[in-house]
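What follows is a short report on a single structure.
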Amino acid sequence: MMTAKKARTWYRVHKWTSLICTAFLLMACITGLPLIFSDELDALMQPHIPPAPSSANAPTANLDRMVIEAQTKFPTLHPYSLAWDDDEPRIFVNMSPSDDPKFGDIRTVVFDAHTGNLLEIPKGGTTLTYFLLQLHREIFLGLPGELLMGLMALLFVIALVSGVLVYGPFMRRLNFGTYRRNATLRTRWFDLHNLLGVVTLAWAFVVGASGIMNALSTPLFGIWRAQTLPPILAPYHGKPVPKHFSPIEDAVKKTSLALPKMELNSVLFPNDVYGSPRHYVIWSKGKTPVTSRLFTPALIDVETGQMIVAQSLPWYLRAIEVSRPLHFGDYGGLPLKVIWALFDLALIVVLGSGVLLWLKKRSTSLQSELDRMVHMESISGVTVQ
Amino acid sequence: MSRTLSIREIYRWPTAIALVIVTGLLSALFGDGVWDAFSWLLLVIPLLLLLIFLYRK
């Protein structure tokens, strides 16, 4: 077993990493709780018009016509993206005033995928779940906030690891699962912190680690785009930006032929910020539980309709994509979401009890107990077990 | 209790629970249908354990 001196070091690491990240973590846990159920909340707060009943194999209606119709509804905006609904045969045409829209800028026109009929135009503006997500992910600070939350997630993971390491020395004389319900308030908090912390540990670690990865996704995706696009755009250097776009129908068909084992997910119109200024970026995804998380981009020249490239993302972006559901808990039906919420509540108790333990110092603090153990060790020369 | 537990004894249960959780988390990720149900079954175990430890006499 580790020496008391090492235990004391890990205790300090646990204390300080926890203290720094706790306020952010509490905020993330509290906003995360309703976010687990964001699909259900969105459906509840904004009921939508369902598409006409049809067989799953019915052909998709003409996409270009949908875009033209969306344009007539919002003549001052330009087509930004087009997306296939995961659950129902619906297609969303998103209109935006700029290539880098702020939330609330985008207006969506919803079409029936098979009949091509306009279903509805949801009212613009922000939703409750989007507000919570912005707070949860970046505390309304954009990329700096996202990176700050990533750093807090890193501190949280370090707190978990150091927490496991100090769990041993503190549990030497206690059976697993000890909860002394009749002891002093502080002892009960101590037991609660240890019990809930160690039982939910693996879940907390997975959510913390996937949180770090999510926070890195924006910069990593930007790096990938900065490496991939310049060679593709080089031949067009000095040429004017195209005014006339080739049909989306053709671009989508070419993509489907090039990626026969995948299904279409979305089309990003020419975009200086998130895509290419002179290509459609068409995203496809796999059909199995795992590959449906993995998106593959295809670039189609908007002038000539020629396919430029269709290749998988690099491993680090694929890893982020696969790990994303492990953060949200939205990949195993409603029961998994409920389980996620219960683990989240347990984590809130761990965080709260941790702060209370720090605030309400014992007459002999854990620190001084460890100091005493270090002293004993140094005079006896024996490792305290 | 007065006996000092060995490192193996201290970490035996936490390790077992962590394995149950990780298996549960991955089962729903890599499969659908019956694998989702298997995941719920596994992930409920640590939550039930918590209730037992907190409410036992």
Side-chain angles (χ1 to χ4, degrees), chain A residues 1-2 163-165 167-179 181-182 188 191-192 194-207 210 288-293 322-327 329-343 345-346 349 384-385, chain B:
Chain A
M1 186 167 264
M2 76 169 81
V164 174
L165 293 172
Y167 176 82
F170 283 124
M171 295 300 285
R172 282 172 307 132
R173 290 175 195 287
L174 295 169
N175 274 322
F176 175 77
T178 296
Y179 178 60
R181 55 165 60 209
N182 298 319
R188 271 183 286 152
D191 287 348
L192 207 58
N194 286 345
L195 174 58
L196 266 64
V198 83
V199 168
T200 60
L201 176 86
W203 176 85
F205 187 88
V206 166
V207 173
S210 53
T288 69
V290 182
T291 59
S292 68
R293 315 281 174 187
V322 173
S323 75
R324 192 162 282 154
L326 288 170
H327 191 74
D330 59 351
Y331 62 103
L334 193 58
L336 188 67
K337 292 184 182 183
V338 174
I339 288 168
W340 224 259
L342 293 171
F343 272 102
L345 288 171
V349 177
V384 182
Q385 261 224 331
Chain B
M1 64 183 280
S2 54
R3 193 173 74 87
T4 303
L5 297 170
S6 71
I7 187 162
R8 186 174 287 203
E9 286 169 314
I10 292 172
Y11 285 106
R12 189 165 46 199
W13 275 96
T15 310
I17 293 170
L19 287 175
V20 167
I21 291 181
V22 169
T23 312
L25 292 176
L26 293 182
S27 139
L29 188 64
F30 289 100
D32 271 337
V34 67
W35 291 105
D36 284 344
F38 184 55
S39 151
W40 307 333
L41 204 71
L42 287 179
L43 292 175
V44 159
I45 293 173
L47 296 170
L48 286 179
L49 277 178
L50 279 183
L51 286 184
I52 291 169
F53 283 125
L54 290 177
Y55 289 100
R56 72 178 168 183
K57 284 271 161 65

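Keep in mind that this is a model prediction, so the values were computed, not measured. Letters A, B, ... are given to chains in the order of the sequence lines, protein chains preceding strands, and every chain is numbered from 1. Reckoned from all heavy atoms, side chains included, excluding hydrogens, waters and symmetry mates.
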Exercise for the section: Tell me, for L326(A) versus chain B, whether the close heavy atoms (under 4.5 Å) come from the side chain, the backbone, both or neither. Expected result: side chain
Practice task
Name the region of V290(A), side chain, backbone, both or neither, that has any atom closer than 4.5 Å to a heavy atom of chain B.
Solution key: both
Problem - Point-to-point distance, once rounded to the nearest 0.5 Å, from CZ of R56(B) to CZ of R181(A) - result: 9.5 Å
Problem - Contacting moiety of P325(A), where chain B heavy atoms sit under 4.5 Å - result: side chain
Handout entry: Part of I17(B) lying under 4.5 Å from any heavy atom of chain A
Key = side chain
Problem - Crowding at CH2, W40(B) (>12 non-hydrogen neighbours, <6.0 Å) - result: yes
Exercise for the section: Starting at CG of L49(B), measure out to CH2 of W13(B) and round the result to the nearest 0.5 Å. Expected result: 6.0 Å
Problem - Near-ring test Y55(B)/Y179(A), centroid separation under 6.0 angstrom - result: no
Practice task
Using non-hydrogen atoms and a 4.5 Å limit, figure out which bit of F205(A) sits close to chain B: side chain, backbone, both or neither.
Solution key: neither
Completion exercise
Whatever's closer than 4.5 Å to a heavy atom in chain B on T178(A) counts as backbone
Handout entry: chain B contact via V164(A) - which portion, at a heavy-atom distance below 4.5 Å
Key = both
Practice task
Please confirm whether the backbone N or O of P169(A) pairs with a side-chain atom of R172(A), one donor and one acceptor, at under 3.5 Å?
Solution key: yes
Handout entry: Side chain, backbone, both or neither of L47(B) within contact of chain A (heavy atoms, under 4.5 Å)
Key = side chain
Problem - Greatest number of heavy atom pairs closer than 4.5 Å to chain B - which of L196(A), V198(A), V338(A), T288(A) - result: L196(A)
Completion exercise
chain A shares the most heavy-atom pairs under 4.5 Å, among V20(B), L54(B), L19(B), with L54(B)
Handout entry: Contact winner vs chain B - L201(A), L342(A), D191(A), L195(A), heavy-atom pairs under 4.5 Å
Key = L195(A)
Fill in the blank from the handout: So CG of L26(B) and CZ of F38(B): to nearest 0.5 Å the spacing works out to 11.0 Å
Exercise for the section: Supply the atom-to-atom distance L48(B) CG to L43(B) CG, rounded to the nearest 0.5 angstrom. Expected result: 11.5 Å
Exercise for the section: Working to the nearest 0.5 Å, report the span between OG1 of T200(A) and CG of L345(A). Expected result: 11.5 Å
